[in-house]
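Worksheet: the structure to be examined is printed underneath.
Because the structure is predicted, anything quoted here is derived from the model rather than measured. Numbering starts at 1 and runs along the sequence shown.
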Amino acid sequence: MNIEKILQLRYSAYKWTVVNNDYDRLIWNDSNEIPKPTYDELVAISDDIKYQNDLTDHNAVNNRQKAIVETWPVEKQFEAITESSMGRPEKLNELLAFISGVKEDYPKSS
């Protein structure tokens with residue numbers, strides 16, 4: 001079970017720290033409005049199908065972002081958008097086609 005991923009997906013609105021994926025080293029901030037989740041609650045979430053889909057989608061988004069930025073850094077994306085607005089859509093079309101291919105390579109669960 002990946003405690004940090006569970007916390008990122010389900011408890012991102014709260015302040016916490018976890019060391020080495022160890023529940024005993026999960027520090028729950030006193031300012032949080034809810035109590036620290038129990039180990040059993042985290043296990044239940046990890047077994048939950050929605051969690052599996054969330055994790056898959058989270059990984060897909062991260063992989064997509066990495067793949068896109070490696071080939072199309074932000075400045076190249078900006079250049080493509082700017083040129084398109086000036087009547088030269090070739091680079092933007094290339095960027096959009098690339099993004100579509102990345103989405104196929106890293107599909108989300110839904």
Side-chain angles (χ1 to χ4, degrees):
M1 170 174 72
N2 189 329
I3 293 172
E4 186 170 2
K5 287 287 184 190
I6 294 168
L7 293 169
Q8 288 172 348
L9 290 170
R10 295 291 174 93
Y11 298 96
S12 63
Y14 302 99
K15 296 178 183 176
W16 48 266
T17 305
V18 66
V19 179
N20 294 331
N21 200 44
D22 182 358
Y23 181 80
D24 293 330
R25 298 179 74 186
L26 170 58
I27 301 166
W28 195 253
N29 193 293
D30 292 336
S31 68
N32 290 335
E33 298 171 357
I34 64 171
K36 175 181 170 180
T38 66
Y39 182 80
D40 290 338
E41 289 171 331
L42 296 179
V43 169
I45 292 169
S46 74
D47 293 339
D48 181 68
I49 297 297
K50 176 150 176 32
Y51 164 72
Q52 297 300 327
N53 290 341
D54 289 348
L55 184 59
T56 299
D57 290 351
H58 181 75
N59 289 336
V61 168
N62 285 341
N63 289 333
R64 287 175 179 184
Q65 289 172 346
K66 183 179 176 187
I68 292 167
V69 172
E70 283 177 354
T71 303
W72 284 86
V74 173
E75 56 273 357
K76 281 182 69 178
Q77 294 179 39
F78 182 74
E79 178 182 32
I81 294 167
T82 301
E83 286 196 24
S84 179
S85 71
M86 297 170 71
R88 298 186 302 266
E90 297 80 14
K91 285 185 183 178
L92 183 58
N93 291 339
E94 186 180 343
L95 169 61
L96 295 175
F98 180 79
I99 290 172
S100 291
V102 169
K103 287 182 174 184
E104 289 176 16
D105 292 342
Y106 301 104
K108 290 171 82 176
S109 63
S110 50

Treat each ILVMFWY residue as a node, draw an edge where side-chain heavy atoms are under 4.5 Å apart, and state whether [X] and [Y] are in one component.
X	Y	answer
I27	V18	no
Y23	Y11	yes
I6	I34	yes

*For D57 and S109, indicate whether the former's side chain and the latter's backbone hold a donor-acceptor pair under 3.5 Å.*
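Side chain of D57 to backbone of S109, a donor-acceptor pair under 3.5 Å: yes, one is there.
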*Examine distances only and state if a side-chain atom of N21 and a backbone atom of M1 form a donor-acceptor pair shorter than 3.5 Å.*
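At least one qualifying donor-acceptor pair exists.
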_Residue pair T56 / K108, side-chain heavy-atom distance below 4.5 Å_ =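 A side-chain contact under 4.5 Å is absent here.
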*Output all residues satisfying side chain to side chain donor-acceptor pair (under 3.5 Å) with S31, sequence neighbours left out; order by chain, then residue number.*
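Only N29 meet the side chain to side chain donor-acceptor pair (under 3.5 Å) criterion with S31.
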_side chain to side chain donor-acceptor pair (under 3.5 Å) partners for N59, two or more places apart_ =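 Checked N59 against side chain to side chain donor-acceptor pair (under 3.5 Å); zero matches.
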Mind checking the [atom1]-[atom2] spacing from [X] to [Y]? Nearest 0.5 Å is all I need.
X	Y	atom1	atom2	answer
W16	L26	CH2	CG	8.0 Å
L95	S100	CG	OG	9.5 Å
N63	I68	CG	CD1	11.0 Å
I99	K103	CD1	NZ	7.0 Å

*With Y106, which residues qualify under ring pair (Phe, Tyr, Trp, His ring centres under 6.0 Å), at least two apart?*
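In terms of ring pair (Phe, Tyr, Trp, His ring centres under 6.0 Å), with neighbours along the sequence ignored, Y106 is linked to no residue.
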*How would you list, by chain and number, every residue that makes a salt bridge (Lys or Arg N to Asp or Glu O under 4.0 Å) with R88, sequence neighbours excluded?*
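Testing R88 for salt bridge (Lys or Arg N to Asp or Glu O under 4.0 Å), a comparison that skips the adjacent residues, returns E83.
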*Which residues share a salt bridge (Lys or Arg N to Asp or Glu O under 4.0 Å) with R10, sequence neighbours left out*: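 Testing R10 for salt bridge (Lys or Arg N to Asp or Glu O under 4.0 Å), a comparison that skips the adjacent residues, returns D48, D54.
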With a cut-off of 3.5 Å and sequence neighbours excluded, list every side-chain donor-acceptor pair involving residues 37-45.
| from | atom 1 | to | atom 2 | distance (Å) |
| --- | --- | --- | --- | --- |
| T38 | OG1 | E41 | N | 3.0 |
| E41 | OE1 | T38 | N | 2.7 |

For residues 69-81, which side-chain N or O atoms pair as donor and acceptor with protein atoms under 3.5 Å away, sequence neighbours left out?
| from | atom 1 | to | atom 2 | distance (Å) |
| --- | --- | --- | --- | --- |
| K76 | NZ | T71 | O | 3.4 |
| Q77 | NE2 | W72 | O | 2.7 |
| E79 | OE2 | K91 | NZ | 3.1 |

*asked:* Can you list everything that forms a side chain to side chain contact (heavy atoms under 4.5 Å, CB included) with P89? Sequence neighbours excluded, please.
replied: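 Result, side chain to side chain contact (heavy atoms under 4.5 Å, CB included) vs P89: S84, N93.
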*Please collect all salt bridge (Lys or Arg N to Asp or Glu O under 4.0 Å) contacts where either partner lies in residues 17-38, sequence neighbours excluded, each pair once.*
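Passing the test, one end in residues 17-38: no pairs.
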